[in-house]
2 protein chains.
Amino acid sequence: MKNTPANSSTDLSARIAHSLRDAILDGSLIVGDRLPSESDLSEQFSVSRSTVREALKRLAAQNLIRTQRGATGGAFVNHLSYAEAHNQQITTSTLLLSMNAISFDTACEARYALERACAPLAARRRTAGQLDILRAEITRQGQPDLTDEAFCASDVAFHRALVDAAGNPVLSYQLAGAVEAMQPLMNMITFTARSRVQIIALHGQIADALERSDAAGTDAALVGLENYTRDLARTVLAARAAAL
Amino acid sequence: MKNTPANSSTDLSARIAHSLRDAILDGSLIVGDRLPSESDLSEQFSVSRSTVREALKRLAAQNLIRTQRGATGGAFVNHLSYAEAHNQQITTSTLLLSMNAISFDTACEARYALERACAPLAARRRTAGQLDILRAEITRQGQPDLTDEAFCASDVAFHRALVDAAGNPVLSYQLAGAVEAMQPLMNMITFTARSRVQIIALHGQIADALERSDAAGTDAALVGLENYTRDLARTVLAARAAAL
DNA sequence: TGTTTTTCATATGTCTGACAATTAGGATTT
DNA sequence: AAATCCTAATTGTCAGACATATGAAAAACA
């Protein structure tokens with residue numbers, strides 16, 4: 001991992017942040033450890049306290065450390081939880097998608113490829129509780145007075161539950177991030193009442209297949225959902241293009 | 001996305017960073033835009049320049065902005081490239097795995113589930129150039145004087161090329177990050193000369209199947225590699241436990 | 001006129017020193 | 001013994017200064 005430029009041309013605060021980050025990544029500093037105080041660090045690196053502080057803020061922005069005031073305070077190596085990592089990934093992925101003009105087809109293909117990857121595991125391991133969550137979301141999606149935003153939120157929750165059913169936290173972290181980041185792109189095509197019925201039906205197929213522990217059926221239903229989604233997107237985009 | 005606490009209790013610099021971050025994420029500030037100067041921002045937010053600077057460093061740490069000195073300098077909304085997003089994801093995933101005591105089986109399962117997800121696409125779309133890369137890495141892996149580190153690096157390159165062959169940049173970004181983050185865990189079991197032969201053979205099977213555009217064959221070879229890897233890990237871990 | 005050099009305004013980067021706010025633990029008093 | 005106060009340590013914020021980089025305008029020159 002030659003992830004460490006540390007050019008002499010870059011900012012002091014960036015270099016110091018890099019140096020401390022490496023110490024955390026390679027295990028010199030482990031979770032819970034307290035970093036030296038800002039004054040100590042400024043002596044060690046021969047820079048002012050402001051520069052040290054800027055470096056520490058960089059680390060804090062990456063959730064690598066947290067700071068505490070007071071007599072026994074300081075900067076502590078943070079325990080990176082799944083939730084925090086998840087949030088970071090969503091931010092990064094959202095930004096990446098919005099800034100790189102990803103086509104809907106590309107995003108959709110990636111999303112369903114990933115989701116299908118955990119379908120066999122989910123079919124094998126889904127618990128009764130996870131099935132209940134899926135059913136509950138489907139029920140919610142069927143309520144006619146549901147706003148578009150709420151429908152989309154429920155859609156995300158459904159797919160997240162599906163991923164969680166695979167029983168692998170690493171997969172959940174990777175996939176849920178991807179699914180949520182792509183949701184804004186997905187939303188534009190589910191914003192029609194007509195498509196809800198079809199989507200709900202496909203969600204039902206997925207839940208049914210999972211209940212039967214039917215991996216092939218789950219996969220088929222996901223493929224169905226993917227095809228339907230892509231067809232719908234094609235139609236929507238064509239209509240939008242024609243309107244101009 | 002209710003990702004915005006903005007508690008009045010948190011640091012000023014954190015709140016300002018959050019506020020600017022939201023402006024970037026929701027499109028008020030778009031790529032290439034110049035933020036107001038530090039002095040202007042300090043007036044707008046009624047804080048000192050140091051506080052503004054700490055906020056800006058937080059954003060810079062997330063690759064959201066870049067700064068430039070000089071007359072026409074300032075802080076500019078950054079274009080988040082795949083490479084940068086990729087690096088960030090590797091850092092986050094590596095940290096997450098190292099801090100949360102992920103079992104080898106869990107990591108392995110996730111990795112191959114993701115990798116198998118892009119096998120069908122790769123079988124359909126792989127180019128001759130991508131096949132060449134795969135073959136070249138296999139050749140390198142067969143050189144007897146290769147260090148363990150170099151072998152592992154080549155292994156990563158092979159799998160990355162495999163993922164890239166799917167021809168979907170979103171998948172590449174997601175998967176390559178996952179594969180590389182898990183590599184430290186994977187390495188410990190490929191550090192024996194004996195296992196190299198078997199791994200190279202399986203890599204060969206994958207390349208052959210891709211050359212034939214044989215999705216099922218690629219998948220089967222990947223399953224073979226996964227099973228072999230997990231068996232090997234079980235053996236290594238059992239031996240290590242017995243030695244204590 | 002065209003080109004090079006100089007100057008200058010503006011911006012970020014760094015330093016210094018100060019004070020505020022918070023907090024744990026010790027000292028003091030009740 | 002318990003409650004209170006005090007103190008030292010540490011981060012958070014501020015103000016002002018100087019260093020450094022850089023593009024653009026102004027000046028000098030050919």
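Proteins come first, then strands; the chains are lettered A, B, ... in the order of their sequence lines, and each starts at number 1. Keep in mind that this is a model prediction, so the values were computed, not measured.
- Screening residues 78-105 of chain B for salt bridge (charged side-chain N to carboxylate O under 4.0 Å, His left out), with sequence neighbours left out, gives B:Asp105-B:Arg230.
- Not one N or O on the side chain of A:Asp11 forms a donor-acceptor pair closer than 3.5 Å with the backbone of A:Ala14.
- A donor-acceptor contact closer than 3.5 angstrom links the side chains of B:Thr91 and A:Arg21.
- Close approach of DNA chain C to chain A, defined as any atom under 4.0 Å from a non-hydrogen atom of the protein, starts and stops at C:dG13 to C:dA24.
- For the pair A:Glu54 and A:Lys57, the salt-bridge criterion is not met [side-chain N within less than 4.0 Å of a carboxylate O].
- The closest donor-acceptor contact from the side chain of B:Thr139 to the backbone of B:Arg135 lies under 3.5 Å.
- In this structure, A:Glu109 pairs ionically with B:Arg125, as a charged nitrogen and a carboxylate oxygen lie closer than 4.0 Å.
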> Once each nucleotide of nucleotides 10-19 of chain D is scored for protein heavy atoms under 4.0 Å, what B/S/- sequence comes out, 5' to 3'?
Replying inline: BBBBB--B--
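- Here the closest non-hydrogen pair linking A:Leu95 and B:Leu80 is CB-CD2, 3.8 Å.
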